[in-house]
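See structure below.
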Amino acid sequence: MDNKGLISIGEAASILGVSIDTLRRWDKSGKLKSVKTIGGHRKYFRTQIEIFLNDLYRLAKDWASKGSELSPEFYCSNSAIFQARLTRLQDLLGEVKELASIFPLIVAITGEIGNNSFDHNLGSWPDVPGTFFGYDINKKVVVLADRGLGVQTTLKRVKPELSGDAESLRVAFTEIISGRAPESRGNGLKFVRKIISENPVGLLFQTGNAELILEKDSDMLDIRDTSDYLQGCLALITF
């Protein structure tokens with residue numbers, strides 16, 4: 001194993017301001033996984049600890065827009081890894097009593113958005129394949145991002161008349177196009193919108209130069225142009 005950039009569990013605990021026992025519990029629960037060395041010792045990437053201390057949404061946006069370095073903690077290189085981590089999220093959310101009625105819906109939304117990244121970029125990733133997938137159950141957020149083709153490119157395969165990212169978002173979240181791939185990206189996002197309109201779950205979704213906001217328990221779409229360009233897609237789910 002290349003130990004470059006790895007630090008001891010004691011140093012990681014010191015940086016985070018927690019005890020070594022707390023880090024062991026986080027490792028076991030999946031909140032902050034360690035790297036096991038040949039001798040069985042827990043180690044951590046220094047960048048992994050720094051990322052953990054920062055805001056997930058900002059980290060995901062920096063990666064999606066600039067291709068900044070990403071810790072293995074948040075990177076799903078393929079759909080199998082994404083599904084495994086999605087199952088872990090489901091297990092953790094299921095342990096929170098106040099989320100008993102909606103945690104399957106949170107998982108469903110996360111799965112729909114994350115699976116879209118793989119389904120609609122397969123074999124055509126512009127540069128970096130895979131997704132950012134992070135969550136903080138205490139802060140009640142899930143963050144997803146990819147550096148894929150984006151919604152407009154996907155939908156223009158069947159609606160070449162689309163004129164921009166904002167219009168593409170509106171179509172993706174409102175219009176039934178067909179049940180055939182690749183149009184199903186949009187149809188899946190209408191499923192996401194329906195869940196949010198009936199439950200205390202919110203969504204911020206950006207692609208290209210446009211972003212969409214769906215408030216909790218609301219069917220109203222707030223779509224606006226943004227000054228910053230984002231390659232692929234970025235989603236912030238709140239609950």
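Note that the numbering runs from 1 along the sequence shown for the chain. Quantities reported herein were computed from a predicted structural model and do not represent experimental measurements.
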How many angstroms lie between [atom1] in [X] and [atom2] in [Y], if you round to the nearest 0.5 Å?
| X | Y | atom1 | atom2 | answer |
| --- | --- | --- | --- | --- |
| Ile106 | Ile237 | CD1 | CD1 | 8.5 Å |
| Thr131 | Asn116 | OG1 | CG | 11.5 Å |
| Ile9 | Ile20 | CD1 | CD1 | 5.5 Å |
| Glu112 | Asp119 | CD | CG | 8.5 Å |
| His120 | Asn115 | NE2 | CG | 9.5 Å |
| Lys156 | Thr154 | NZ | OG1 | 12.0 Å |

Item to check | Worked check of salt bridge (Lys or Arg N to Asp or Glu O under 4.0 Å) between Glu175 and Lys159 | outcome: CA-CA 11 Å; Glu175 293 185 17; Lys159 287 184 72 71; 3.8 Å; yes
Can you name the closest pair of heavy atoms from [X] and [Y] and give their distance?
| X | Y | answer |
| --- | --- | --- |
| Phe239 | Leu99 | CE1-CD1, 3.8 Å |
| Thr226 | Ala210 | OG1-N, 3.7 Å |
| Ala12 | Ile49 | CB-CD1, 4.0 Å |
| Trp125 | Pro129 | CD2-CA, 3.4 Å |
| Arg85 | Pro72 | NH2-O, 3.1 Å |
| Gly148 | Gln231 | O-CG, 3.6 Å |

Next on the checklist: I'd like to know if Arg58 pairs up with Asp62 as an ion pair, taking the criterion as any Lys NZ or Arg NE/NH1/NH2 lying under 4.0 Å from an Asp or Glu carboxylate oxygen.
Outcome noted: yes
Check: [Y] main-chain N/O paired with [X] side-chain donor or acceptor under 3.5 Å:
| X | Y | answer |
| --- | --- | --- |
| Arg193 | Asp219 | yes |
| Glu167 | Ser163 | yes |
| Ser14 | Glu11 | no |
| Asn121 | Leu149 | yes |
| Lys190 | Ala172 | yes |
| Ser218 | Leu214 | no |
| Arg147 | Ala64 | yes |
| Thr207 | Gly232 | yes |

Checklist entry - Given Gln206 and Asp165, is the side chain to side chain donor-acceptor pair (under 3.5 Å) satisfied, shown in steps? => result CA-CA 9 Å; Gln206 182 178 350; Asp165 294 309; over 6 Å; no
Side-chain heavy-atom pair [X], [Y] within 4.5 angstrom cut-off:
| X | Y | result |
| --- | --- | --- |
| Asn209 | Asp228 | no |
| Ile113 | Leu203 | yes |
| Val171 | Leu162 | yes |
| Glu211 | Arg224 | yes |
| Ile7 | Phe45 | no |
| Leu86 | Phe82 | yes |
| Leu212 | Asp222 | no |

Checklist entry - Yes or no on salt bridge (Lys or Arg N to Asp or Glu O under 4.0 Å) for Lys36 and Asp27, after CA distance, side-chain angles and deciding distance? => result CA-CA 11 Å; Lys36 300 298 192 303; Asp27 189 5; 3.1 Å; yes
Item to check | Linked, directly or transitively: Phe191 and Leu155 (ILVMFWY side chains, under 4.5 Å) | outcome: yes
Next on the checklist: Tell me if the centroids of the rings in Phe205 and Phe173 come within less than 6.0 Å of each other.
Outcome noted: yes
Checklist entry - Could you go step by step and tell me if Leu32 and Tyr44 meet the side chain to side chain contact (heavy atoms under 4.5 Å, CB included) rule? => result CA-CA 9 Å; Leu32 182 61; Tyr44 295 85; 4.1 Å; yes
Next on the checklist: With a 6.0 Å cut-off (strictly less than), is the heavy-atom count around CG of Leu221, excluding the residue itself, greater than 12?
Outcome noted: yes
Item to check | Over 12 non-hydrogen atoms of neighbours within 6.0 angstrom of NZ in Lys216 | outcome: yes
Item to check | Option from Ile81, Leu56, Leu89, Asp146 for which side-chain contact (heavy atoms from CB on, under 4.5 Å) with Phe133 holds | outcome: Leu89
Item to check | Residues Leu234, Leu236; criterion side chain to side chain contact (heavy atoms under 4.5 Å, CB included); working and verdict | outcome: CA-CA 7 Å; Leu234 170 68; Leu236 170 67; over 6 Å; no
Next on the checklist: Parallel, tilted or perpendicular: which one describes the rings of Phe132 and Phe74, with boundaries at 30° and 60°?
Outcome noted: parallel
Next on the checklist: For a side chain to side chain contact (heavy atoms under 4.5 Å, CB included) check, start with the C-alpha distance between Phe103 and Val96, then their side-chain angles and the critical distance, and finish with the verdict.
Outcome noted: CA-CA 9 Å; Phe103 86 84; Val96 183; over 6 Å; no
Checklist entry - Could you walk me through whether Val143 and Asp136 pass the side chain to side chain contact (heavy atoms under 4.5 Å, CB included) check? => result CA-CA 9 Å; Val143 184; Asp136 188 323; over 6 Å; no
